[in-house]
A.B. asks: 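Below you will find the structure I want to go over with you.
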Amino acid sequence: MKYDLKQLTLDEKITLLCGTDCWHTYGANGKLPVLHLSDGPNGLRKIDENDQTVKATAMPNISTLANTWSRECAYLDGATIADDCIENNVDVLLAPGANIKRTPLCGRNFEYFSEDPYLAGTLAKEYIKGVQDKKVGTSLKHYLANNCETERFYQTSEVDERTLREIYMPAFEKAVEAQPYTVMCSYNLINGVYAAENKKYLSDYLRQSFGFKGVIVSDWGAYRSAYKSINATLDLVMPHCDMHFANVKAALEKGLITEDQIDFCAQNMLNLIEKCQAEKGVTTTKEERHENAVKIAEEGIVLLKNEGALPLKQGKICVGGNFADNPPIGGGGSAYVQTDYQQKNLAYLLQEDMGKGSQVEFAHAYLHPIGDTNKTKAVYQCAYWADSVILCVGNDSGIESEGYDRKTIKLSSTQENFIINTAKYNKNVIVVLFAGSAVDMSSWIDKVNAVVLAGFSGEGVNQALSKILSGKTCPSGKLNETYPLSLEDCNVKVNKVGLCERYSEGIFVGYRYYDSFNVPVLFPFGHGLSYAKFEYSNLCVTQTGNTDFEVSYDITNTSSVDAKEVSQLYVKDVFCTVSRPEKELKGFSKDLIKAGETKKVTLNLNYRSFAYYNTALDKWHVENGDFEIMIASSLTDIKLCAKINIQLDESTQQSQI
Ligand code: GLC
């Protein structure tokens, strides 16, 4: 250890727990390097000494990254942002967010991976490895049960133990396997105690049960009480808070905390400072980082509907909507990245990709939020003569943002009418939808031939869209969250009673609800179309241990286009004596399968693939009996199924893992 607690006075140790301003840690009068912490999950958002936001590569938002279902993309995303951090002397990136998408209304869903903890945790872990393999730290956030923005500073999430263990903790538990340098606690209370001073969840679970060894940092301003937060092992209060120093000293003098507890937190800070001194090196150019943003966007864009419209055929192509020219690249708030990348209009890029056999025309219409009727007419006239019409619509950083939740999941009536009216003039409308979370398309989807979810996909989104629309890239993205038919069908809105958000739906969140209760949806979890066709065969399940199984299957690309396929593994506990979802995601793989090629995919299952959390036993528990292992192309497109029976003796049935 280069930095020794003994070097520090008591006051210096306490000051080390307070930060020195909005973004820096304490240097102890030159004894320690000062660390710079900076947002964010969708690219570097560094506020410099002049309070200006430094320009950086605007990567696809986490929700688009999740739609790639690619561990490689998650790693690449983290590694790419790390280079911007190194170039700008940022030691810890305040990312990724791993909160579960409990309701499509949550303003920050664009910053989060999924409604499913397995997908969220797996990709968050790879993202953290990507950043930290370049010796830049991360901050896994916002721990815990921070699933809406309304009243986020004061609201208590009232969640039962089984739901916490099965739904809201596992993504953090899995991501902590990568040992993020820090974990950021959330603003909200969890079952009546602020996250920043909640010993049960910070110390007992995060540190003891999940094995987290790093620094726990407060969300900015989430700190409440010195002695409670020190007792809960919160190490670092950000931003700087004079009160914290004074309160810690007072708590020490009153005997509410001990110097050993202060030393525990200060030692965690010294360990963090030490880790951040490792040799770092930039390995990509700015252009290469941009190309990585395009690549991830290409893999995260989802083809939701396609009735013969895509890939585009040669001919007259009309591109309408101001988002073609100025695409939303991210949601609002602390994750918004300032890029100096000059966007090219989608129409221009499409003309390049389609070549001389097509004539691509851009018809500008300023649609958001209030449509400009004249300009809209220009689109209708352009559409009237076109063979294909592409409408670029959706939400932007004003609609989906940190700090507030949506009130509706519909598009503005201006945009809905724009789509409906355009479809009166052309029967081959393709909607390109910009959004970070589910959208109700019920009023217009039957009037269009195709829907492409562009998401919030960073500075490379138009290049990625052009490649997919023209067929130069085969779409391979799949939904990380359910798109319900309407908000009324969603079992979770934001059902506050005063400041208490009761998670009364329990474990039945997202597809676990819709699928188990046979509620029809617009597009299911894991859905995404391709230009290729895949056949699944030869499912083989081999038991390799009490609850360890090797699952293999073949996927054949029967089309003439090379493509990537995301195959998903769901497990069903057929006769469980407690309520369990109809099926749960327990594995997935994304594979490039060339035209005509057959690829064997192998996934492994273990105890936690079958277990539920038994609160009577206070353990993960696999109940003896029958299970089904389903291989699928989406939650509802089951391709192969195998039945297995698990018989364990009492001792192995229960595990503390
Ligand atoms: C914000 C966000 C958090 C961010 C931090 C610093 O309030 O909740 O995600 O990292 O403050 O900007």
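Indexing begins at 1, ligand by ligand and atom by atom, following the structure's order. Quantities reported herein were computed from a predicted structural model and do not represent experimental measurements.
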A.B. asks: Is a salt bridge present between Lys286 and Asp340, judged by a nitrogen-to-oxygen distance below 4.0 Å?
C.D. replies: yes
A.B. asks: Suppose we screen for side chain to side chain donor-acceptor pair (under 3.5 Å). Which residues come up paired with Tyr201, at least two apart in sequence or across chains?
C.D. replies: Asn191
A.B. asks: Give every residue pair that meets the ring-ring contact (aromatic ring centres under 6.0 Å, His included) criterion with at least one member in residues 59-92, sequence neighbours excluded.
C.D. replies: Trp69-Phe525, Trp69-Phe588
A.B. asks: Assess Lys275 against Tyr181: is NZ or CZ under 6.0 Å from the centre of the six-membered ring, and within 45 degrees of the ring's axis?
C.D. replies: yes
A.B. asks: Tell me yes or no: between the side chains of Gln132 and Thr138, is some donor less than 3.5 Å from an acceptor?
C.D. replies: yes
A.B. asks: Ligand 1: which protein N/O atoms lie under 3.5 Å from its N/O atoms?
C.D. replies:
residue: ligand 1; atom: 7 (O); partner: Tyr187; partner atom: OH; Å: 2.6
residue: ligand 1; atom: 7 (O); partner: Glu402; partner atom: OE2; Å: 3.1
residue: ligand 1; atom: 8 (O); partner: Arg108; partner atom: NH1; Å: 2.9
residue: ligand 1; atom: 8 (O); partner: Arg152; partner atom: NH1; Å: 3.3
residue: ligand 1; atom: 8 (O); partner: Asp219; partner atom: OD1; Å: 3.3
residue: ligand 1; atom: 8 (O); partner: Asp219; partner atom: OD2; Å: 2.7
residue: ligand 1; atom: 9 (O); partner: Arg108; partner atom: NH2; Å: 2.8
residue: ligand 1; atom: 9 (O); partner: Lys141; partner atom: NZ; Å: 2.9
residue: ligand 1; atom: 9 (O); partner: His142; partner atom: NE2; Å: 2.6
residue: ligand 1; atom: 10 (O); partner: Asp39; partner atom: OD1; Å: 2.6
residue: ligand 1; atom: 10 (O); partner: Lys141; partner atom: NZ; Å: 3.0
residue: ligand 1; atom: 11 (O); partner: Asp219; partner atom: OD1; Å: 3.2
residue: ligand 1; atom: 12 (O); partner: Asp39; partner atom: OD2; Å: 2.6

A.B. asks: Who are the side-chain contact (heavy atoms from CB on, under 4.5 Å) partners of Ser334, not counting sequence neighbours?
C.D. replies: Asp39, Arg45, Arg108, Glu402
